[in-house]
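Throughout, a chain's letter reflects where its sequence line sits, starting with A, and its residues are numbered from 1.
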Protein chains: 2
Amino acid sequence: MISKIKSIDINTEQKILESARNIFHKKGLSGSRMQEIADNAGINKAMLHYYYSSKDKLFDAVFQEAIKRIFPEISKLLNEEMPLFEKIIYFSDKYISLLQQNVFLPSFLLNEMNQNPQRFKKSFLKNKKIKPDIFIAQIKKGINDKIIIPLDPMQLFINMMSMCIFPFIAKNMIMITYRFSQKQFDQFIESRKKEIPEFIINSIKKK
Amino acid sequence: MISKIKSIDINTEQKILESARNIFHKKGLSGSRMQEIADNAGINKAMLHYYYSSKDKLFDAVFQEAIKRIFPEISKLLNEEMPLFEKIIYFSDKYISLLQQNVFLPSFLLNEMNQNPQRFKKSFLKNKKIKPDIFIAQIKKGINDKIIIPLDPMQLFINMMSMCIFPFIAKNMIMITYRFSQKQFDQFIESRKKEIPEFIINSIKKK
DNA sequence: GTCTATAACTCGATAGAC
DNA sequence: GTCTATCGAGTTATAGAC
């Protein structure tokens, strides 16, 4: 029997996914409309159901893709082979750059994780998402070698993550409170690439 | 003409607001249903429209109340009369305690501010919501008096806010990633009341 | 003030032609 | 694969009795 390759139009599927990404990232699952996703993709609403049988399936594709876009990158950055201080500088710079290219991702992911923890839990159990083990071990070694002061490695890790991510989640509050233009906000984020590691190293470095 | 006092049942209105608060804080505007709010309040759906003409009006009441619950408190804490280091310790403790009593508030407020900046902007223009001026001035004085190292006061302020708020927004991610029970998570939050100010003061204190 | 019933509308999903 | 047309469930909002 000669196998017949199913010729699904890759462009249409890509267009749908890109459109769904745009809408879902901004408005979340419950705030998004299939009609809007279809319009935005330049296709018909029925087509969405042809490629992804339901709204939830389409959302799941976007959600999983978002997880894959962020978590492996965090692991990669944390497991890079370099000295502790250098890594803190490197991580802040690279991680903020990643978020600059995906400004809606933090609130999208964190929000949907809170709405439906199961969705994240499911994919988390399959492959451990964040592996900060090497980074944590590196901090412990720093303490033992008396390069940095004694502290809880997890607290340090959460502090670093907090300072990198928070401004993206609080974007509108910051912009309104400080009367920032978009350009000023961008500069503010940009400057944090250096401010955050400085702030951290000042705190933990043994003198 | 004898004035007739309108006897609106204060209990019903309070019950509605409390129920709406519970649902809206957890699920947001688009994720919440008037039916669920009515059920949760133990009343009829039509009653919601009797007290608050529309879903959006009801949401607005909850949103404005949330703003009033958080922002004046932040201002109050920041404007307390005390030395800089003491204030950083005091703020972290009191602000985290406030969030512990309103665990859904951070994601609720930040998320809805991103969904509809106008709603926040409107109420912000009426009365300036956060007044970190005194705190900022205090930081500048600390730099001049060479008590702390030179730094951008706003960056410091955002760092402090980030570290206090972020764990509440990322609650489920943290719990799943670290396999925390509810109790372990609560202890983690509790310990940050001391960890955060220590971390900050270590960083900025001049030696 | 409170309720039941229902109108009016939105939205996800499907049937069926091409 | 793509479209139009439409169904049917779910949701906000209202009319009207008590």
With under 30° as parallel and over 60° as perpendicular, where do the rings of B/Phe24 and B/Phe59 fit, or are they tilted in between?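 It falls in the perpendicular class, over 60°.
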
Walk me through whether B/Phe168 and B/Phe108 qualify under ring-ring contact (aromatic ring centres under 6.0 Å, His included). CA-CA 11 Å; B/Phe168 290 91; B/Phe108 170 72; over 10 Å; no

Just to be sure I understand the geometry, which residues of residues 16-30 of chain A put a non-hydrogen atom under 4.0 Å away from DNA chain C?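 Residues of residues 16-30 of chain A under 4.0 Å from DNA chain C: none.
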
For the side chain of B/Asn114 and the backbone of A/Ile169, is there at least one donor-acceptor N/O pair under 3.5 Å apart?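 Such a contact is found between B/Asn114 side chain and A/Ile169 backbone.
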
Ignoring hydrogens and angles, tell me if any N or O in the side chain of B/Ser191 forms a donor-acceptor pair with the backbone of B/Phe188 under 3.5 Å.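 Flag set: sc B/Ser191 to bb B/Phe188 pair under 3.5 Å.
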
Rounded at 0.5 Å granularity, tell me how far CD1 in A/Ile70 sits from CG in A/Asn102.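 It comes to 5.5 Å.
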
Rounded distance [0.5 Å steps], CZ in A/Phe157 versus CG in A/Leu78: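 One gets 5.0 Å once the value is rounded to the nearest 0.5 Å.
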
Please check the phosphate of [N] (OP1 and OP2 only) for any side-chain N or O of [X] closer than 4.0 Å.
| X | N | value |
| --- | --- | --- |
| A/Thr12 | D/dT2 | yes |
| B/Tyr50 | C/dC3 | no |
| A/His49 | C/dT14 | no |

Give the rounded distance in Å between these two atoms: CZ of B/Phe59 and P of D/dA13.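 Answer to the nearest Å: 14 Å.
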
If you take any heavy atom closer than 4.0 Å to DNA chain D, which residues from residues 31-48 of chain A end up in contact?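 Within this stretch, A/Asn44, A/Ala46, A/Met47 sit under 4.0 Å of the strand.
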
Under the salt bridge (Lys or Arg N to Asp or Glu O under 4.0 Å) rule, collect the residues that match up with B/Lys193, sequence neighbours excluded.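 Here the qualifying residues are B/Glu190.
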
Nucleotide of D/dT2, D/dT12, C/dA13 approaching A/Ser54 most closely (side-chain heavy atoms):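 Taking heavy atoms from C-beta onward, the closest nucleotide is C/dA13.
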
Salt-bridged, A/Lys27 to A/Glu36, with N to O below 4.0 Å?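 A/Glu36 and A/Lys27: salt-bridged.
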
